[in-house]
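A quick write-up on the structure given underneath.
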Amino acid sequence: METKYALPQSKLFIDGKWVEPRSNKKFNTINPATEEVITQIALAEEADVDHAVQSARKAFEDGAWSKLSATDRGKLLHKIADAILSHVDEFAYLETIDIGKPISESKNIDVPFVAELFHYYAGWANKFHGETIPVRGNYLNYTLREPVGVVGTITPWNFPLLLATWKIAPALAMGNTVVHKPSEQSPLTSLKLAEICEEVGLPEGAFNVVTGSGRITGSAMLAHPGIDKIAFTGGTSTGILVMQEAAKTLKKVTLELGGKSPNIVLEDADFDAAAKGAIAGIFYNKGEVCAAGSRLLIQESAHDAFLEKLLDRAKKLTAGDPLDPKTRFGPLCNADQYEKVLAYIGAGKEEGARVVLGGDRAQVGNGKGYFVQPTIFDDVTNQMRIAREEIFGPVLSAIRFKDLDDLIAQANDTPYGLAAGVWTRDVKKAHYIAKKLKAGTVWINTYNMYDPASPFGGYKQSGFGRELGMHALESYTQVKSIWVDMNL
Ligand code: NAD
């Protein structure tokens, strides 16, 4: 299709060069708003992954990258951040045509956050270091904090560049090298990032991009003995597979997986703020958010009044062209996701939940595109499929609770534990609930807040390891203890 900005190269980025895949195979990437083919993308197979790993290994062991001081690594990451900021419009456009994310989100939130992350981790490059330890006897004991080696990053399609950067920026800051595989649904911005790395002079082999499917490219990465760590974000069932395969070569693994997060409204909440938060919690990025507040737990005594407020607001949200700056709700990312979300809407109806908003496909423009109406179900029980399984789309399930005990039991009655929201004016209740919830992040009187400095990650089947903040640095480093005999 014709595009407003030049597309990045449809090749693999290995050892600082753009190369064709050895098999010459390509696959299509599709614009979900129009169903047009945007372009063809290189498919990396085993030999290409091996090439990328060899290049990353060479860069890590004795290439120019390995000889940089921590301070100079930081300077390079600052340069990447600045270069991204000078290409915000292009990055935002590519993200939006690739996955249907409203341009208002990709331009004002995702891309600036990506640049901020590179700046943030640039600052850590020379600040996360070893220590001296007062051991018994006349010995000097100190630690070195060393990079892990070659890091393989495998990422999903919902925040393509942002979630890739959660991994790539701390990995590079700590001196690792990276072989990155974006989702086959959203490769464009990762390829653009490779162009930026080339532009700022990142040493060859430090960052490599291999595009392709999970089954072919991802599997080759998991099997490759030259990769020391896999940093994965994706679905829980894929996460289980990643762990199994990575175990065969005992790779280190961190997993950011799915969620079914409760967004909780107590009877004393500020209903206007809570309604706004509930809508942002489920309809931001069309609900394709791992931490989406997809279970809305409303205190029974407040149910009717709150639902009315919620619907008043939610009715104003309509699907539209994601490239229009006024659009707040775009198409789902791909055909499979579209069918999956519609099937869940069908399941909710069959299970006896009541549709109070949406509940169908949405018609936008000429009828093409994977558009679904923002959908709210009421009278959902926590046992229904729409309350238990991750839909990963704009479908909210409203569930009632009686009191705090009932609330905590229902909120935690899920295999997931990624995030939660609590809306109340009562400070004691807010902190009590936050402590009782089994979730990696709890938002009180707000939802979907992120900052490069604040850790994010899952409890239970939402994964393990933390991203963002200084906590992420742990998993991109290893500690060496050195003993020196000081006895004269
Ligand atoms: P997915 O699990 O299908 O794919 C994620 C990545 O894994 C893709 O790059 C894919 O190509 C790759 N992959 C798939 N099969 C593979 C295999 N056999 N071997 C190696 N790699 C493989 O997930 P998705 O559909 O792209 O994304 C949606 C899921 O991601 C949702 O479950 C969502 O909750 C989760 N997610 C979690 C977070 C978080 O931070 N916890 C953030 C965003 C998305």
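Just follow the structure's listing: the first ligand is 1, and inside any ligand the first atom is 1. Note that this is a predicted model, so its numbers are computed, not measured. For the numbers below, each heavy atom of this structure counts, side chains included, while hydrogens, waters and symmetry mates do not.
For atom 7 (O) of ligand 1, the closest heavy atom belonging to the protein is Phe232 CE1, 3.2 Å. Among protein heavy atoms, the minimum distance from atom 13 (N) of ligand 1 is reached at Gly214 CA, 3.4 Å. For atom 8 (C) of ligand 1, the closest heavy atom belonging to the protein is Thr155 O, 3.3 Å. For atom 42 (C) of ligand 1, the nearest protein heavy atom (residue, atom name, distance) is Cys290 SG, 3.0 Å. In terms of protein heavy-atom proximity, atom 27 (O) of ligand 1 is nearest to Pro156 CB, 3.3 Å. Looking only at protein heavy atoms, the nearest one to atom 31 (C) of ligand 1 is Glu390 OE1, 3.4 Å. Of all protein heavy atoms, the one closest to atom 10 (C) of ligand 1 is Glu184 OE1, 3.7 Å. Of the protein's heavy atoms, Trp157 NE1, 3.4 Å lies nearest to atom 24 (P) of ligand 1.
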Step-by-step salt bridge (Lys or Arg N to Asp or Glu O under 4.0 Å) determination, Lys107 to Asp89: CA-CA 7 Å; Lys107 182 172 172 184; Asp89 288 325; 3.2 Å; yes
Test side chain to side chain contact (heavy atoms under 4.5 Å, CB included) applied to Glu204 and Trp65, step by step: CA-CA 8 Å; Glu204 60 194 28; Trp65 175 251; over 6 Å; no
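Inclusion of Thr238 in the set of residues having an N or O under 3.5 Å from an N or O of ligand 1 is warranted. Inclusion of Gly212 in the set of residues having an N or O under 3.5 Å from an N or O of ligand 1 is not warranted. Ligand 1 has no N or O atom lying under 3.5 Å from any N or O atom of Thr236, backbone or side chain. Considering backbone and side-chain N/O atoms, Gly218 never comes within less than 3.5 Å of an N/O atom of ligand 1. Considering backbone and side-chain atoms together, Thr233 places no N or O closer than 3.5 Å to any N or O of ligand 1. For a threshold of 3.5 Å applied to N or O pairs, the pair formed by Leu163 and ligand 1 contains no separation below that value.
When distances from atom 4 (O) of ligand 1 to the protein are checked, no heavy atom turns up under 4.0 Å.
Residue Leu418 has at least one heavy-atom neighbour below 4.0 Å for each of these atoms of ligand 1: 41 (N). The ligand atoms of ligand 1 that sit less than 4.0 angstrom from a heavy atom of Phe456 are 40 (O). Residue Leu222 approaches ligand 1 through these ligand atoms, each under 4.0 Å from one of its heavy atoms: 19 (N), 20 (C). Close contacts between ligand 1 and Asn158 involve ligand atoms 43 (C), 44 (C) [criterion: under 4.0 Å to a heavy atom].
In this structure, Trp157 has its ring center closer than 6.0 angstrom to the ring center of Phe392.
At least one heavy atom of Ser219 lies less than 4.0 angstrom from ligand 1. Within the 4.0 Å heavy-atom shell around ligand 1 one does not find Phe159.
Although no hydrogens or angles enter the test, the distance criterion places a donor-acceptor pair under 3.5 Å between the side chain of Asn285 and the main chain of Asn158. The backbone N or O of Asp360 lies less than 3.5 Å from a partner atom in the side chain of Gln373, making a donor-acceptor pair. Checking side-chain atoms of Asn176 against main-chain N and O of Gly149 turns up a donor-acceptor pair under 3.5 Å. Judged by distance alone, the side chain of Lys181 and the main-chain N or O of Gly212 form a donor-acceptor pair under 3.5 Å.
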Would you be so kind as to tabulate the donor-acceptor pairs closer than 3.5 Å made by side chains of residues 36-47, with sequence neighbours excluded?
{"residue": "Glu36", "atom": "OE1", "partner": "Thr34", "partner atom": "OG1", "Å": "2.9"}
{"residue": "Gln40", "atom": "NE2", "partner": "Asn28", "partner atom": "OD1", "Å": "3.0"}
{"residue": "Glu45", "atom": "OE2", "partner": "Lys25", "partner atom": "NZ", "Å": "2.9"}

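At a heavy-atom distance under 4.0 Å, only side-chain atoms of Leu241, from C-beta outward, approach ligand 1. Here Thr217 has no heavy atoms under 4.0 Å from ligand 1, in either its backbone or its side chain.
Using cut-offs of 30° and 60° for the angle between ring planes, the Tyr450 and Trp443 rings count as perpendicular. Taking the six-membered ring where tryptophan is involved, the planes of Tyr5 and Tyr93 are perpendicular, since the angle between them exceeds 60° and thus also 30°.
Under the 4.0 Å criterion applied to side-chain N and carboxylate O atoms, Arg57 and Asp228 are assigned as salt-bridge partners. A salt bridge links Lys26 and Glu20; the closest N-O separation between the charged side-chain nitrogens and carboxylate oxygens is under 4.0 Å.
The residue from Gly239, Gly457, Ala246, Gly234 that puts a heavy atom closest to atom 35 (C) of ligand 1 is Gly234.
Under the side-chain hydrogen bond (donor to acceptor under 3.5 Å, both in side chains) rule, Thr254 has a single partner from Lys229, Glu467, Lys167, Arg466, which is Lys229.
Judged by a 6.0 Å distance limit and a 45° cone about the ring axis, Lys101 is positioned over the six-membered ring of Phe159.
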